[in-house]
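Inspection log for the structure reproduced underneath, given as structure tokens.
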Amino acid sequence: MTTDQVTLLGTKGGPAIRPETRMPTSVLVELDGFTLLVDAGLGVSRAVCDAGVALTDLDAILITHLHSDHYLELGPLLHTAWTAGLNKPVPIYGPKGLDHYWAGFLNSMSFDVELRLRDEGRPALEPLAQLHVMQPGVMELGPLKVTTIRNVHPPISDSFALRFDGAEHSVVLSGDTAPIPEMVELAKNADLLVHEAMLSAGIDALCARVGNGDDRLRIHLERSHTPAAEAGHIATEAGVTRLALNHLVPCDDPNFTEDHWRAETSRTWSGPLFIGTDGLKIPL
């Protein structure tokens, strides 16, 4: 019997990694025997395997938007799955432009891919990725109903939040977004809302630590992400059963601990709360 669960594979907001930090964004959703990967940040291939799922067993992949921390390792993941025995097409849904990334990846790896085709008898890699342009709306994906809305993540316009409804459970992933009222309707009565979150008090230190940006980084963070208390407010208004904070900004500053995240979120949310850590499994 399969277990409905969500695994937060990578929980760091942003693409940079440093010693002892979390890895960038990816989420594994297992519902009704169907296994979806949402986003493919750096480290995702290892994280999927560490979650007990073979790369060849992914039923579909969805990419919420084209920031590098959400799709940097998509090509390497597919290539690695191919070398591990992948021989069936994988549906991949993402914003317009993902095909350009895939073509570029194949071009960059053409020597290796062509060699393995000749030398090892592998199937063609390119058609194993069945690319579809993600649009707002409702679709059936395997046994699941998938509802997609655009969120607000400037300057990117094609950025999406997702709801997955199975026979018994429902999961909502906010993607990267500023707080929006449409998220309340999308998440209405869901079993789990996984919402990105930011600690506003930690932004000064984060911007100073980056070292090679300017004030535009702060402007982006403040207009494109959701303060933790706002994520709690959305969860309360939507009447979700549980809330998990993900894509944490900042997540690698020793001056801000889980206690800070809980204190900020508890201002607006009194239900079960998970503060994202890499590999965290949340049964539904």
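The basis for the numbers below is simple: all heavy atoms, side chains too, and nothing from hydrogens, waters or symmetry mates. The shown structure was predicted, so the numbers you read here are calculated from the model rather than taken from an experiment.
- Within a 6.0 Å sphere centred on NZ of Lys188, heavy atoms belonging to other residues, nucleotides or ligands number more than 12.
- Within a 6.0 Å radius of NZ in Lys145, other residues, nucleotides and ligands contribute 12 heavy atoms or fewer.
- Side-chain contact of His247 with Asp176: a donor-acceptor pair under 3.5 Å is present, judged by distance alone.
- Between the side chain of Tyr101 and the main chain of Leu72, a donor-acceptor pair closer than 3.5 Å is present.
- One finds the OG atom of Ser266 at 8.5 Å from the CG atom of Leu273 (value rounded to the nearest 0.5 Å).
- Clustering ILVMFWY residues whenever any of their side-chain heavy atoms sit less than 4.5 angstrom apart, transitively, puts Val152 in the very cluster that holds Met183.
- Checking side-chain atoms of Glu196 against main-chain N and O of Thr226 turns up a donor-acceptor pair under 3.5 Å.
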Can you give me every donor-acceptor pair (side chain of residues 33-53, partner residue at least two apart or in another chain, under 3.5 Å) with its distance?
{"unit_1": "Asp39", "atom_1": "OD1", "unit_2": "Thr64", "atom_2": "N", "d": "2.8"}
{"unit_1": "Asp39", "atom_1": "OD1", "unit_2": "Thr64", "atom_2": "OG1", "d": "3.1"}
{"unit_1": "Asp39", "atom_1": "OD2", "unit_2": "Thr64", "atom_2": "OG1", "d": "3.0"}
{"unit_1": "Asp39", "atom_1": "OD2", "unit_2": "His70", "atom_2": "ND1", "d": "2.8"}
{"unit_1": "Ser45", "atom_1": "OG", "unit_2": "Glu73", "atom_2": "OE2", "d": "2.8"}
{"unit_1": "Arg46", "atom_1": "NE", "unit_2": "Asp50", "atom_2": "OD1", "d": "3.1"}
{"unit_1": "Arg46", "atom_1": "NH2", "unit_2": "Asp50", "atom_2": "OD1", "d": "3.2"}

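- By the rule that hydrophobic residues join a cluster once side-chain heavy atoms approach within less than 4.5 Å of another member, Leu106 and Leu117 end up as members of one cluster.
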Next item on the list: Determine, stepwise, if the pair Asp158 / Lys96 fulfils salt bridge (Lys or Arg N to Asp or Glu O under 4.0 Å).
Entry: CA-CA 8 Å; Asp158 282 340; Lys96 186 185 302 182; 5.7 Å; no

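- Under the 4.5 Å side-chain heavy-atom criterion for ILVMFWY residues, no single connected hydrophobic cluster contains both Val240 and Ile282.
- Thr83 places a side-chain N or O within 3.5 Å of a backbone atom of Thr80 that can act as its donor or acceptor partner.
- Applying the side-chain hydrogen bond (donor to acceptor under 3.5 Å, both in side chains) test to pairs two or more places apart or on separate chains, those with a residue in residues 105-122 are His79-Asp112, Asp112-Arg116, Arg116-Glu120, Glu120-Arg122.
- His260 and Thr257 are linked by a side-chain donor-acceptor pair at a separation below 3.5 angstrom, with hydrogens and angles left out of the test.
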Determine all donor-acceptor pairs shorter than 3.5 Å in which one atom belongs to a side chain in residues 4-14; sequence neighbours excluded.
{"unit_1": "Asp4", "atom_1": "OD1", "unit_2": "Asp32", "atom_2": "N", "d": "2.9"}
{"unit_1": "Asp4", "atom_1": "OD2", "unit_2": "His169", "atom_2": "ND1", "d": "2.9"}
{"unit_1": "Gln5", "atom_1": "NE2", "unit_2": "Glu30", "atom_2": "OE2", "d": "3.0"}
{"unit_1": "Thr11", "atom_1": "OG1", "unit_2": "Arg22", "atom_2": "NE", "d": "3.3"}
{"unit_1": "Thr11", "atom_1": "OG1", "unit_2": "Asp278", "atom_2": "OD1", "d": "2.7"}
{"unit_1": "Lys12", "atom_1": "NZ", "unit_2": "Ala16", "atom_2": "O", "d": "2.8"}

